[in-house]
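Shown next, in structure tokens, is the structure this report addresses.
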Amino acid sequence: MLNAVKSRFPSGKNLLFLLLIINCSLPIVNAQWQPDVRLTNAAGDSFTPNNNAWSLAANGDVLHVIWWDFRDGNWEIYYKRSADGGTSWGADTRLTNASNDSWNPSVSVSGQVVHVVWMDRRDGNYEIYYKRSTDEGVSWGADTRLTNDPAISGGPSVSVSGQVVYVVWYDSRDGGNEIYYKRSTDGGVSWGADTRLTNDPANSLWPSVSVSGQVVHVVWMDTRNGSNNYEIYYKRSTDGGNNWEADTRLTNDPVHSVYPSVSVSGQVVHVVWNDLRDGNYEIYYKRSTDGGVNWGADTRLTNAPDYSQNPSVSVSGQVVHVLWNDLRDGNSEIYYKRSTDGGINWEADTRLTNDPAYSSGCIVSVSGVVVHVVWYDQRNGNYEIYYKRNPTGNVVGIININSEVPNQYSLSQNYPNPFNPTTKIQFALPKSSFAKIVIYDALGRELETLVNEQLNAGTYEADWSAVKFSSGVYYYKLSAGSFVETRKMILLK
């Protein structure tokens with residue numbers, strides 16, 4: 001059992017290469033994707049973590065990338081940010097300085113507060129550590145040790161809703177690997193007790209967490225149904241992590257279903273994983289439209305002659321983005337796929353990388369209309385972190401609710417208001433116009449662009465999800481032709 005756990009940990013370059021198989025690939029067909037940008041240039045290898053621990057978080061135009069790096073002679077956690085939506089990047093920032101290795105970081109952001117967790121061996125065994133920045137990554141507080149037990153604590157994943165920070169990981173303190181959970185209700189200042197989420201004699205590994213308002217969603221891989229067969233399991237809390245419902249088995253096939261990733265928008269929960277039921281690993285998808293109570297059928301997203309592995313999912317309204325690494329081209333490349341109707345229908349696979357070296361560790365995140373991707377890549381002789389974006393890839397959730405031509409431009413009050421975490425914004429155009437709706441915080445800083453396109457005359461409705469933002473006052477502004485109007489709304493979590 002311990003060997004199974006250690007098989008996911010890096011002890012050297014060659015072993016790490018084998019352990020972190022997180023793949024993504026297909027012909028490059030999406031013209032909106034911009035060129036690859038190399039983010040690191042270090043003497044040692046740089047790696048993004050497993051798919052279920054996000055190494056990329058976006059809040060408006062501010063992007064946060066996290067990884068672990070061997071440039072200092074041992075593995076340390078590094079951070080980098082962009083304040084202009086990925087156009088330019090600041091310097092690498094070393095977040096840890098420990099006597100032993102620090103690995104597998106995960107990052108989440110709410111407003112200006114950036115939360116990072118990772119696994120760390122400075123105490124002689126693997127423990128979960130936490131660090132935060134309250135000024136969008138400019139400066140960082142001290143390391144905080146979250147676990148304290150004699151066994152292995154690993155594979156952390158973090159998600160935040162306002163001031164509440166949720167961390168999940170797997171832990172062998174009970175003899176086998178179980179899923180544990182911990183939260184902070186004051187933005188990471190203080191932390192509650194460890195909570196054991198699973199209780200079965202088999203291995204429960206590699207959890208992924210996503211939150212919408214008070215509802216917390218966790219998925220993981222589990223062998224309780226047979227020692228040699230991993231299945232995907234799910235669990236939720238509807239009261240911000242105080243109480244948890246029973247485990248729900250999401251897959252039921254005789255071979256491995258592994259490395260799940262979860263993302264939620266309102267009541268719709270999206271889960272992806274890689275699955276061996278077809279003879280080789282393919283990417284599968286499943287969703288719940290009622291907050292995790294009931295689940296639809298498994299949907300196979302890939303059909304390639306070689307492995308498609310370790311997907312990452314991110315959702316924005318009705319648009320679902322999935323990323324993975326793929327061996328169909330003879331080497332590991334990054335591939336992408338999206339659905340614009342909440343996971344009902346899916347577009348063709350898009351190959352994002354095209355180089356003769358190994359590309360893996362891919363993570364996807366969205367902000368406004370922009371889709372952001374990071375991964376690690378061996379094209380430079382050692383592993384470096386790369387970034388790519390599609391500036392128009394996240395289709396805004398906008399519908400024409402009345403094609404009758406209105407008499408004048410107008411911007412309605414959002415509803416509901418106050419809201420948590422989603423709201424609707426209606427606006428009217430008396431003639432064909434280029435319309436733009438931008439969300440701002442109380443200080444006037446631009447957070448997201450909801451609408452940015454040419455529209456025919458009519459009345460429209462756009463959805464905004466504030467899952468990643470804190471309670472408070474926000475503003476939305478419509479610009480169309482010579483018409484400009486701004487209104488206030490209140491997010492109350």
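Note that the structure is predicted; figures quoted are calculated from it, not measured.
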_Show, in sequence, the C-alpha distance, side-chain angles and deciding distance for Val165 and Val158, and conclude whether the side chain to side chain contact (heavy atoms under 4.5 Å, CB included) test is met._
CA-CA 7 Å; Val165 189; Val158 61; 3.7 Å; yes
_The test is side chain to side chain contact (heavy atoms under 4.5 Å, CB included); show your working for Ile66 and Leu95 and say whether it passes._
CA-CA 9 Å; Ile66 196 88; Leu95 295 189; 3.6 Å; yes
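- Taking the side chain as every heavy atom from C-beta outward, Arg389 and Tyr387 approach each other to under 4.5 Å.
- Donor-acceptor pairing under 3.5 Å is recorded for the side chains of Asn242 and Arg183.
- When each of Asp36, Leu352, Leu56 is paired with Trp375, the side-chain contact (heavy atoms from CB on, under 4.5 Å) condition holds for Asp36 and for no other.
- You'll find the side chain of Tyr415 reaches within 4.5 Å of the side chain of Gln426, heavy atoms only.
- Contact annotation: the side chain of Leu429 approaches that of Tyr409 to within less than 4.5 Å [non-hydrogen atoms, C-beta and beyond].
- Remark: of the listed residues Asp120, Asp194, Asp171, Asn148, Asp171 is the sole one forming a side chain to side chain donor-acceptor pair (under 3.5 Å) with Ser153.
- Side-chain atoms of Trp89 and Leu63, non-hydrogen and from C-beta on, do get closer than 4.5 Å to each other.
- Leu492 contributes atom CG, which lies 5.5 Å from atom OG of Ser471 (distance to the nearest 0.5 angstrom).
- Between Tyr259 and Trp206, the ring planes are perpendicular. Angles over 60° get that label, and only those under 30° would be called parallel.
- With hydrogens and angles left out, the side-chain atoms of Ser110 and Ser470 include a donor and acceptor closer than 3.5 Å.
- We find the OG-CG distance between Ser365 and Leu323 to be 11.0 Å, quoted to the nearest 0.5 Å.
- Here CG of Leu478 is found 9.0 Å from OG of Ser433. Values are rounded to the nearest 0.5 Å.
- Residues Glu485 and Phe427 are not in side-chain contact: their nearest non-hydrogen atoms beyond the backbone lie 4.5 Å or more apart.
- Between Asn104 and Ser106, the side chains place no donor N or O within less than 3.5 Å of an acceptor N or O (distance only, hydrogens not considered).
- A donor-acceptor pair under 3.5 Å is formed between the side chain of Ser133 and the backbone N or O of Ser139.
- Nearest approach of Trp68 to Pro105, heavy atoms of both residues: CE3-CD, 3.4 Å.
- Closest approach of Thr40 to Arg38, counting heavy atoms only: O-NE, 2.8 Å.
- The closest side-chain heavy-atom distance from Tyr460 to Val451 is not below 4.5 Å.
- Inspection of the Ser339 and Tyr285 side chains reveals no N or O donor paired with an N or O acceptor under 3.5 Å.
- Residues Ser261 and Pro311 are not in side-chain contact: their nearest non-hydrogen atoms beyond the backbone lie 4.5 Å or more apart.
- The local environment of CG in Asp84 is crowded, with over 12 non-hydrogen atoms from other residues, nucleotides or ligands closer than 6.0 Å.
- When Tyr386, Trp103, Tyr376 are each tested for a ring pair (Phe, Tyr, Trp, His ring centres under 6.0 Å) with Phe47, only one passes: Tyr376.
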*Intermediate values then yes/no, side chain to side chain contact (heavy atoms under 4.5 Å, CB included), Val364 and Val313*: CA-CA 7 Å; Val364 59; Val313 61; 5.8 Å; no
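- Looking at heavy atoms from C-beta onward, Arg71 lies in side-chain contact with Tyr78 at the 4.5 angstrom threshold.
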